[in-house]
Amino acid sequence: MAGRCHVILIGPQGSGKGTQAARIAAPLGLVHVATGDLFRQLMTRDDDLAREVRSYYDRGELVPDDVTLRVLLSRLDELERAMPNYRGALLDGYPRNRSQAEALDRVLQDRGDTIAAVVHLAVPRAVLIERLSGRLICPQCGATYHRVFAPPRVEGLCDQCGAALVQRTDDTPEAIARRLDTYEQQTAPLLEYYRQRGLVLDIDGNQPIDEVTQAILSALEPVLGDPARCRSS
Ligand code: AP5
Ligand code: MG
Ligand code: ZN
């Protein structure tokens, strides 16, 4: 199998990375890999690593880079074993700072993998706060809802698996503000890092969910079909 062909999703908290990844991954032949989801899974355990992650997560701070990279790599290794023919990962929430971006470049180079594109979801800050404060997630399967913009069919229950929906522990006003500041200071500058390599696709994330999905698919399909960008296609 030639190297994997990965896509990175970058956008502020609440821009719809998780929402869109759940819709576009399968049609594009990609596997959704979200470090936040991996941490939420990990935090259901009762051990030292879970406690360490929780101490950063609940405050809305970045988990240390070494821990995050280890969690990401173990998921990528798992995919190699479980899905030997997968095309690539749809990375949601990684990288979030310069050192993570450089670590990712090294790791992908070692594996013979490439980054086919970086999808940038742009949404104004006031809209983000409204989205995050109404978000509900399924603790069982990870599905995402919104009280107003994406309500479940039965109030309070997951459409996919029937579990009772909850608010995320980091969707408090303080943690939301801290996460958005960290995005501006550490993550948004990565767009320039990738723009210089011609990888960034800018998408207007401030539209209805279906329209954002269509915009991303239209932008990505030609890129993933281009053998110069994506060797494994
Ligand atoms: P993570 O889980 O990645 O959270 P985040 O970065 O805060 O991003 P969100 O999940 O909040 O935003 P989203 O863009 O996915 O929005 P969503 O689709 O849900 O990370 C959590 C934590 O884990 C971090 O704070 C950190 O502690 C740790 N972590 C993770 N990765 C790390 C890393 N690389 N390094 C270090 N630490 C890391 O949408 C939001 C809401 O809006 C939903 O309710 C949805 O229904 C609604 N919505 C979505 N799209 C639309 C639309 N178009 N119109 C109306 N409503 C919409
Ligand atoms: Mg998310
Ligand atoms: Zn569910």
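Each ligand, and each atom within it, is numbered from 1 in the order the structure gives.
The nearest non-hydrogen atom to atom 19 (O) of ligand 1, considering only Arg178, Arg135, Gln167, comes from Arg135. The closest non-hydrogen atom to atom 17 (P) of ligand 1, taken over Ile10, Thr19, Val53, Val212, comes from Thr19. Of the candidates Arg96, Arg131, Arg179, the one placing a heavy atom closest to atom 1 (P) of ligand 1 is Arg96.
The residue Ala34 has no part lying near ligand 1, judged by heavy-atom distances below 4.0 Å. With a 4.0 Å cut-off on non-hydrogen atoms, Thr144 touches ligand 1 through its side chain and not its backbone. In Tyr145, the part holding a heavy atom less than 4.0 Å from any atom of ligand 1 is the backbone. Contact annotation for Leu121 and ligand 1: no heavy atom of the residue comes within less than 4.0 Å of the ligand. Contact annotation: for Asp170 versus ligand 1, heavy atoms closer than 4.0 Å belong to the side chain alone. By the criterion of a heavy-atom distance under 4.0 Å, the backbone of Gln207, and not its side chain, is placed next to ligand 1. At a heavy-atom cutoff of 4.0 Å, ligand 1 is contacted by the side chain of Thr68 but not by its backbone.
Near Leu132, meaning under 4.0 Å from one of its heavy atoms, ligand 1 places the atoms 11 (O). Ligand-side atoms of ligand 1 in range of Pro12: 14 (O), range being under 4.0 angstrom from any heavy atom. Residue-ligand proximity, Gly93 to ligand 1, at heavy-atom distances under 4.0 Å covers atoms 31 (N), 32 (C), 33 (C), 34 (N). Heavy-atom contacts of Ser15 reach the following atoms of ligand 1: 14 (O) (cutoff under 4.0 Å). Atom numbering of ligand 1 starts at 1 in the shown order; those under 4.0 Å from a heavy atom of Glu61 are 26 (C), 27 (O). Contact atoms of ligand 1 toward Tyr57: 21 (C), 22 (C), 23 (O), 27 (O) (distance under 4.0 Å to a heavy atom of the residue).
Side-chain atoms of Glu221 and Pro27, non-hydrogen and from C-beta on, never get closer than 4.5 Å to each other. Here the side chains of Arg135 and Arg168 are in contact, with some heavy-atom distance below 4.5 Å. The shortest side-chain heavy-atom distance between Arg87 and Leu224 falls under the 4.5 Å cut-off. No side-chain heavy atom of Leu76 sits under 4.5 Å from any side-chain heavy atom of Arg4.
For the pair Asp171 and ligand 1, the shortest N or O to N or O distance does not fall below 3.5 Å. Of the N or O atoms in Gln100, one or more lie within a sub-3.5 Å distance of an N or O in ligand 1. For ligand 1, none of its N or O atoms has an N or O atom of Pro95 under 3.5 Å away. The distance criterion of under 3.5 Å between nitrogen or oxygen atoms is met by Gly18 with respect to ligand 1. In terms of N/O distances under 3.5 Å, ligand 1 is not approached by Gly134. Between Thr35 and ligand 1, at least one N/O pair is under 3.5 Å apart. Looking at Phe149 next to ligand 1, no N or O pair under 3.5 Å apart turns up.
None of Asp66, Leu73, Val71, Val67 except one satisfies the side-chain contact (heavy atoms from CB on, under 4.5 Å) rule with Leu69; the exception is Leu73.
Salt-bridge formation is not detected for the pair Glu78/Arg81: no Lys NZ or Arg NE/NH1/NH2 atom is positioned less than 4.0 Å from an Asp or Glu carboxylate oxygen. The existence of a salt bridge linking Asp47 and Arg45 is confirmed by a sub-4.0 Å separation between a basic side-chain nitrogen and an acidic carboxylate oxygen. The existence of a salt bridge linking Arg96 and Asp65 is excluded, since no basic side-chain nitrogen approaches an acidic carboxylate oxygen closer than 4.0 Å. Ion pairing of Asp171 with Arg131 is absent here, as no side-chain N (NZ or NE/NH1/NH2) approaches a carboxylate O to less than 4.0 Å. Ionic pairing of Arg178 and Asp181 is not present here: no N-O contact between side-chain nitrogen and carboxylate oxygen is shorter than 4.0 angstrom. Salt-bridge check for Asp170 with Arg40: failed, with every basic side-chain N at 4.0 Å or more from each acidic carboxylate O.
Under the 4.0 angstrom criterion for non-hydrogen atoms, Gly14 is in contact with ligand 1. Under the 4.0 angstrom criterion for non-hydrogen atoms, Arg168 is in contact with ligand 1. Proximity of Gln20 to ligand 1 is not established, as no heavy-atom distance is less than 4.0 Å.
Here the Zn ion (ligand 3) is the vertex; the SG atom in Cys158 and the SG atom in Cys161 give an angle of 110° (to 10°). Around the Zn ion (ligand 3), the two atoms SG of Cys138 and SG of Cys141 are separated by an angle of 110°, to 10 degrees.
Shortest contact from atom 5 (P) of ligand 1 to any protein heavy atom: Gln13 CG, 3.4 Å. When hydrogens are left out, the protein atom nearest atom 38 (C) of ligand 1 is Phe39 CE1, 3.6 Å; that is the closest non-hydrogen contact. Looking from atom 2 (O) of ligand 1 to the surrounding protein, the closest heavy atom is Arg40 NH1, 2.8 Å. Atom 37 (N) of ligand 1 has as its closest protein heavy atom Val63 N, 3.0 Å. The nearest heavy-atom contact from the protein to atom 14 (O) of ligand 1 is Lys17 N, 2.8 Å.
When the shell of 6.0 Å around CD of Glu192 is examined, it contains more than 12 heavy atoms from other residues, nucleotides or ligands.
Judged by the 6.0 Å and 45° rule, Arg197 forms a cation-pi pair with Tyr193.
Linking Ile, Leu, Val, Met, Phe, Trp and Tyr residues whenever their side-chain heavy atoms come within less than 4.5 Å places Leu104 and Val118 in a single cluster. Linking ILVMFWY side-chain heavy atoms closer than 4.5 Å, directly or via other members, places Leu121 and Leu28 in a single hydrophobic cluster. Under the 4.5 Å side-chain heavy-atom criterion for ILVMFWY residues, a single connected hydrophobic cluster contains both Val212 and Val7. In this structure, Ile176 is not a member of the same hydrophobic cluster as Phe39, with clusters built from ILVMFWY side-chain heavy atoms closer than 4.5 Å.
Leu79 contributes atom CG, which lies 5.0 Å from atom OH of Tyr86 (distance to the nearest 0.5 angstrom).
Between Cys5 and Cys230, the sulfur-to-sulfur (SG-SG) separation falls under 2.5 Å.
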